[in-house]
Each structure stands twice: as structure tokens, then as C-alpha cells.
Amino acid sequence: MIDIINREIKKFLSSIERDEEEINLVINKSSTSILDDLNKGHLTTNICMVAASLFKLNPKDLANSLKNQLDNLNLFENIDVAGPGFINISVSRKDFVSIIKLINDKKNSFGASNIGNKKKIQIEFVSANPTGPLHVGHGRGAAYGDAIGRILESTGSIVEKEYYVNDAGRQIDILTASVILKLIKNDIGEYFPQNAYKGKYVEEISKKLDQKIDIDEFKKLNNSFSDDPEEEIDEVINNLQELNSDSWNTIKSFSLRKIVSSIEDDLKLFNVNFDKWFYESSLGVIENTSSDIASAVNKLKKNGHAYEKDKAIWLNTEISGDDKHRVLIRDNGKATYFASDVAYHKNKVDRGFDQLINIWGADHHGYIKRIEASLECLGTSKNKLIVKLVQFANILKGGKKVKMSTRSGEFYTLKNLIDDIGSDAARFYYLSKQADQHLDFDLDLAKSDSKENIFYYIQYAHARIISLEDKANQNSSNFKKAITSIESGDYLKCDKLIHEITKYPHIINKAALSLQPHIIIYYLRDLSQLFHSFYNDNHVLSEKKENVDSILICLSAVKQVISNGLNVLGISPMQKM
RNA sequence: GCGCCUGUAGCUCAGCUGGAUAGAGCAACUGCCUUCUAAGCAGUGGGUCAGGAGUUCGAAUCUCUUCAGGCGCGCCA
């Protein structure tokens, strides 16, 4: 219906003799949409006001001529010119209620579209260092990345979800050292460097190690190290590596494997599944000229964006407005983390994605410009990459912030959260606020049984409809599959609900285009609120037979929309509460 | 100092590619369960959209500026 109106608007605009460019501008700046308030009609367009301001015409005059043109189509029930120049349109009753049948026919696929045009999109998210369990901060990135993946997929994009495993850096050496120190703790008097990982999981990994690994050499660990915590941990790492490099490597890869698989397990519990786990180490080392990392750096050197200064290799990142040049290869010959990341992004581009989406913690925002610069330097538009920042989440328990630092070892993990309130509620609350804004995640609220707990409020609507259907089936099983009394206009009390479910596909499209899952949550709350209100005002099963038939079919569409909305967020609708 | 995010009701937040009277929930106060799930519904009160200036027929929304809060500014990862 909106398409028809838009076509007429185009015709209308061409009739006022303006060049095509101007007309397109008007079309882009205006919008034809579903009216918020059903009392005003079903659809609305602000086109006349936009055109009036651009063409210096009177908006009401424009609106009246457009109204006449639309009237002549004989398609609509009623057309009003309202306020400063809105055109509000009411469609026929038959068209208005047709959405019910459409939803019940399309079922799970209602709301799906092809606006994504089969674009190949890669989303990289979570990508937490594999040095410990995921904490609640990572959970937000996981929920967000996975949700936009689902939304984009349902709107016709081809999505690949990827986790980048930082397995090549110093952090893994610290982890390895931590595990070894736990192994030999009885021989070295419980010595433990300040900067080593102290969490319980470290000891658990050490206990799972194969007994046959030779650890005797490690017991000869020096007994004095630097007072500086950073230097201390490096000295310990070097010392351990020298004592037995074979065992070191074995323990290192074992620890990494254990951590990655526990991260994977936690994410599965959270209903997040990655298509690919990409290891930083697979980019190779700079010394190997055929490695990804060497070829990326060489390409940058060749095309003049990278240069040598003070024995280091620098990249000129000013192309994207970065404020200083960045080091790729240190003066000691080792590649920086940035160099790996440049190579990684080159690798992604080479894999042929149309769009890359990175979801990063907000503390990485300073990093965006240099990565964009590296893409430009490698001959790829920086527009190929979208970086979405996820702000921190504070977890509140009893009104107090819950700590989450990895080093100290004591922290509230994502797993703890899932055990506490369940994966669905956790995902829901993570998604309930725009990702790039601070979130206070109140655990007491997530468990509470009031209307303030929107998660249950929405689930309750879904469960109530199912329960109503069950009751109806017990009473009598021969329901007509027809909405006769709603269509005829005999029964009007579902109209607000019908109007609301009409909006759903637009909501999904909006969420997809803006990468904002929270839009769906607020929509579902509004829909649920309309349902609860309807449910309280009307005792469905005591209505006369034709009405009951109609209402049940309508509510089944409402149920379907709630279910689709939750599913696209990775949340399972509840059948019973 | 520079950069990014934020400031909307007492509290937690929607609304932001400019559009109709700025919305929810909580908290406060009133009502509604011998009938389909009260984790529900209906109602009342509550606003300098942080302050100021500008652009516009029209600004919570765009621009500039001030103030306040969070985060980031390594040859760390």
C-alpha cells in the first residue's frame, strides 16, 4: 500500500515541473509511514511539507492537490489533509485487516525481507583475549553482535560471524606462565607475580594437564625478579621458556585450547554461535615473507604509505584524520598488535565481503581511525568497515556495582550471569538499551516480577495468548479459520492490535538499517501493552462464537509477531509462565 | 590539552536522517481478581528536553558555545 502511495507521490511531483534531482531530494527527505495514532488514520506522508520548503510553495495547497490525485484512485477509504500539511490516509477495512491473514500464512518469515540484497556481511565481535572466562562486559558485545547478525540475516544479507582469537601476543605468555607457576607452586613457595593471572580457572587448567609433561626443569626458577611488575612478569616468562621450551610450548597450546573451548561453551549457553574462529597466529610472523602479516606490511611499504624511521616501520595514518603515525614493526624487529590487525583486516577484505562490521568495546574508539587509514592505504574504501562501539555495562546487585577485572581473579562472569537469570533474560537486558550508551544492568530488576521487568511483561503476553488458545481448544475444537466479524467491522476491539502488528516489518527494517536491536524491544513492549490492555477489557471466551473465531485468529497473529521479534533477538518465547 | 560517548519527569530510560499535544515503566495517590494467568488493567499528579545563542514555517532532534559525567589518547594487547 505504501508502495502505491509512493508511486503516486512520484507522479505528483513530476507534475509540478521540477528537475529530477530536486524531486529525488524531496523523496529522500520525506517519508510515508504507518501512523502512530490510529485515530488519525492508517498511513501518513509529510511529502508536501518537505516539497513546500524546498520549492517555496504553500504546503497546504500542495497537500490538497495531492489529496485530489489520491482520491481519484478510489483505493482508499478516506484521505485527510491535517496539521501543517500532513496527508493522512485510511485504507479500506478489508485492506486494514488483511495483515492478519498475511502473518498467519507467513508465520516465522513474517518480517523477513530482502532489503539486504544478499550483501555479504562479516561481523566480528566478542574477540576477547583468550586469557580467562568472558565477563559481563563481553556479554554485551556478544548479545549485540549476535542480534544484529540475526536481524541482518532476516532482512536478506548473508552474514558470517567471526571471533578473532588473539593467541599471538604477550597475554598468552602470561597465561602460560601463570599455569606453570600453579603447577610448581609447592616447589617455589607459592611465589606468584603481581601481574600473573590469579583466577581459579588458572589452577583448574593446571590440574587438567597431562601428567607426562616434564615440569621438573621449571622448578629451577630464579628466586629474584625485578620489582617492577611489568618487567617481573616478562623475566619470569623468559626464565621459564629457557628452562624447558618444549614443555612451555605444550602447556601454552593446551592452556589456550582450554580457554578457547570454555569461551565457546559459555557463548553456546548464551545462544551465540560463531561461523568462524580466526586465530591471530594464522596470520604468520613478520619474518616469513609469505605470511599475511609480511605481505600486508610489504604492500604498504611498496605503495609508499609505510616508511622506516628510527629503525622502526611506521604507517602514515593521517589519510583518515588520525593524529599521529603508527608503528607497524618495532625497532626490535617484532610486529605490533596494530600490524596484525592491519593484516587481519586485509585478510577479511580479500575474502570478498561487501561489508565488514566490527563490534568493539568503547575503550577502543581511539583505534578506529588508524584501522580505517590502513584500509585506505591498502586501496579499500574505509566505508567498507563499520565499527560499532559497545559501551560498558555496569552490573548492579542490591544497588551496588559488581566488579569485573580479569587480573584480580575475582569477578562476575558471563557464565555467572547466565546461571543467575538465564540466557534469554540476560540477552534481553543487554539489548534493551542502545549499544553505544552506558548500561546499568540491574540483576534484581531482571529477577523481579513487576511490570518494570519488561522481559517478563513481553513473555507474559506471549504465554497468555497460548494459554487462551489452549482454553479455547478445550471448550470446543471447531474454530472457523475466518475473521468474519473483524473484517465486517462488527468487532472493532482488536483494531489497535491489528494496526500495531502492521508496523512490525518496518520496525525490523529500521533495526537492520540502523543496527539497533533495541528498537525491536521497545516495539514488543508497546505491542504487549496493547495486548494486556485488550485482555483485561475483554473476556474473549465469553464472546459470541463468530467473535471468538475472529479474535483467536487475530491474537494468533499477535503471538506470531512477538515470537518473531524475540527470535530475531536470539531469545526464545515462553510457552507458559 | 585533543578525540569519542552521554545529559529528557524524583528514579531507569524511549523518542534524535527536523514535523502534529515530548512518551513509557518505577516511585506517590485512586480504583479493578466467585469468569480465559493480577508477572495484569484503568486513572490522577509530575517537564526550563543541562544552560545560552543560531538555522527554519517548524528544534528534544541540526550548528556553535558553556557547564557536568564517562571513556580513550604506548615501538601494550
Side-chain angles (χ1 to χ4, degrees), chain A residues 28-31 35-37 40 44 46 49-50 52-53 56 58-59 82-86 88 129 131 166 168-172 174 230 280 309-314 321-341 361-369 389 391-392 394 396 432-434 436-440 442 445 448-461 463-472 474-475 513-514 518-519 521-523 525-526 528-529 531-543 548 551 574 576-577:
Chain A
N28 285 333
K29 285 187 79 175
S30 68
S31 72
L35 261 168
D36 284 335
D37 182 359
K40 293 175 182 156
T44 186
N46 63 351
M49 276 131 66
V50 175
S53 100
K56 304 279 174 215
N58 181 320
F86 291 102
N88 295 339
N129 280 338
T131 55
N166 296 117
R170 175 166 167 263
Q171 302 301 324
I172 303 301
I174 299 178
E230 289 292 320
E280 182 185 359
K309 186 187 145 202
D310 302 335
K311 291 185 184 163
I313 308 290
W314 297 71
D322 198 11
D323 53 352
K324 49 190 147 190
H325 297 191
R326 306 291 173 174
V327 171
L328 289 166
I329 312 295
R330 284 180 276 228
D331 57 8
N332 65 10
K334 281 190 176 171
T336 58
Y337 175 81
F338 177 50
S340 299
D341 235 10
D363 52 336
H364 287 76
H365 75 255
Y367 206 76
I368 296 174
K369 280 188 173 162
L389 295 177
Q391 284 286 351
F392 296 116
N394 288 319
L396 304 177
S432 67
K433 200 176 166 185
Q434 220 164 316
D436 63 353
Q437 296 187 18
H438 296 268
L439 170 74
D440 283 328
D442 190 333
L445 170 63
S448 82
D449 54 1
S450 73
K451 187 175 177 178
E452 201 178 357
N453 188 341
I454 326 170
F455 173 67
Y456 284 107
Y457 185 73
I458 293 168
Q459 294 284 16
Y460 189 32
R464 260 183 160 177
I465 296 176
I466 288 177
S467 147
L468 195 54
E469 288 173 339
D470 288 348
K471 267 275 168 15
Q474 282 167 26
N475 295 351
L513 292 171
S514 61
H518 78 281
I519 293 174
I521 286 189
Y522 281 92
Y523 167 77
R525 191 207 49 193
D526 290 345
S528 302
Q529 125 89 359
F531 166 73
H532 286 307
S533 177
F534 170 81
Y535 183 90
N536 261 271
D537 289 348
N538 304 284
H539 195 263
V540 175
L541 299 180
S542 348
E543 289 283 341
V548 176
I551 295 167
M574 290 180 169
K576 218 182 208 176
M577 278 175 65

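Numbers restart at 1 for each chain; the letters A, B, ... are given by sequence-line order, proteins then strands. The shown structure was predicted, so the numbers you read here are calculated from the model rather than taken from an experiment.
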What contact category does [X] fall into here, base, sugar-phosphate, or nothing, at under 4.0 angstrom with non-hydrogen atoms?
| X | value |
| --- | --- |
| A/S53 | base |
| A/H365 | base |
| A/K29 | nothing |
| A/D341 | nothing |
| A/S467 | base |
| A/N166 | nothing |
| A/Y456 | base |
| A/Y367 | base |
| A/L35 | base |
| A/H518 | sugar-phosphate |
| A/Y460 | base |
| A/D322 | nothing |
| A/D436 | sugar-phosphate |

Which nucleotide in the set [options] lies at the smallest distance from any side-chain heavy atom of [X]?
| X | options | value |
| --- | --- | --- |
| A/Q434 | B/C76, B/C36, B/A14 | B/A14 |
| A/K324 | B/A38, B/G19, B/C73 | B/C73 |
| A/A463 | B/C73, B/C76, B/U37 | B/U37 |
| A/K471 | B/G19, B/C36, B/G72 | B/C36 |
| A/W314 | B/C57, B/A77, B/C75 | B/C75 |
| A/V540 | B/C36, B/A14, B/C75 | B/C36 |
| A/N46 | B/C36, B/G19, B/C75 | B/G19 |
| A/Y535 | B/C41, B/A14, B/U37 | B/U37 |
| A/R330 | B/A39, B/G19, B/C76 | B/C76 |
| A/Y522 | B/A77, B/A38, B/C13 | B/C13 |

Could you write out RNA chain B as a dot-bracket string, with dots for unpaired bases, | for bases paired across to another strand, and Watson-Crick or G-U pairs counted at under 3.5 Å?
-> (((((((..((((.....[...)))).(((((.......))))).....(((((..]....))))))))))))....
Should the ring pair A/F338 and A/Y367 be called parallel, tilted or perpendicular, given that the plane angle runs from 0 to 90° and is split at 30 and 60?
-> perpendicular
If you measure from the [atom1] atom in [N] to the same atom in [M], how many Å do you get, rounded?
| N | M | atom1 | value |
| --- | --- | --- | --- |
| B/U66 | B/G31 | C1' | 48 Å |
| B/G52 | B/U17 | C1' | 26 Å |
| B/A22 | B/C49 | P | 11 Å |
| B/C29 | B/G46 | C1' | 12 Å |
| B/C36 | B/G25 | C1' | 26 Å |
| B/C33 | B/A28 | C1' | 24 Å |
| B/G69 | B/A27 | P | 31 Å |
| B/U63 | B/C73 | C1' | 27 Å |

Would you check if A/K40 and A/T44 make a side-chain contact, meaning some heavy-atom pair closer than 4.5 Å?
-> no
So, under a plain 3.5 Å distance rule, would you say the side chain of [X] forms a donor-acceptor pair with the base of [N]?
| X | N | result |
| --- | --- | --- |
| A/D526 | B/A14 | no |
| A/T44 | B/A20 | yes |
| A/N536 | B/G40 | yes |

Counting distance only, does the side-chain N/O of [X] pair as donor-acceptor with the main-chain N or O of [Y] below 3.5 Å?
| X | Y | answer |
| --- | --- | --- |
| A/N332 | A/K334 | yes |
| A/N453 | A/L445 | yes |
| A/N58 | A/A52 | no |

Ignoring backbone atoms, test whether A/H438 places a side-chain nitrogen or oxygen under 4.0 Å from the OP1 or OP2 oxygen of B/C13.
-> no
Within the structure, does a side-chain N or O atom of A/Q529 lie under 4.0 Å from either OP1 or OP2 of B/G40?
-> no
Is A/H532 stacked on the base of B/C41, meaning ring centres closer than 5.5 Å and planes within 30 degrees of each other?
-> no
ring centroid sep under 5.5 Å plus plane angle under 30, A/F86 with B/A20 | yes
A/Y460 meets the ring-ring contact (aromatic ring centres under 6.0 Å, His included) criterion, sequence neighbours left out, with A/H532
Send over the distance from A/D37 CG to B/A20 C1', rounded to a whole Å.
-> 10 Å
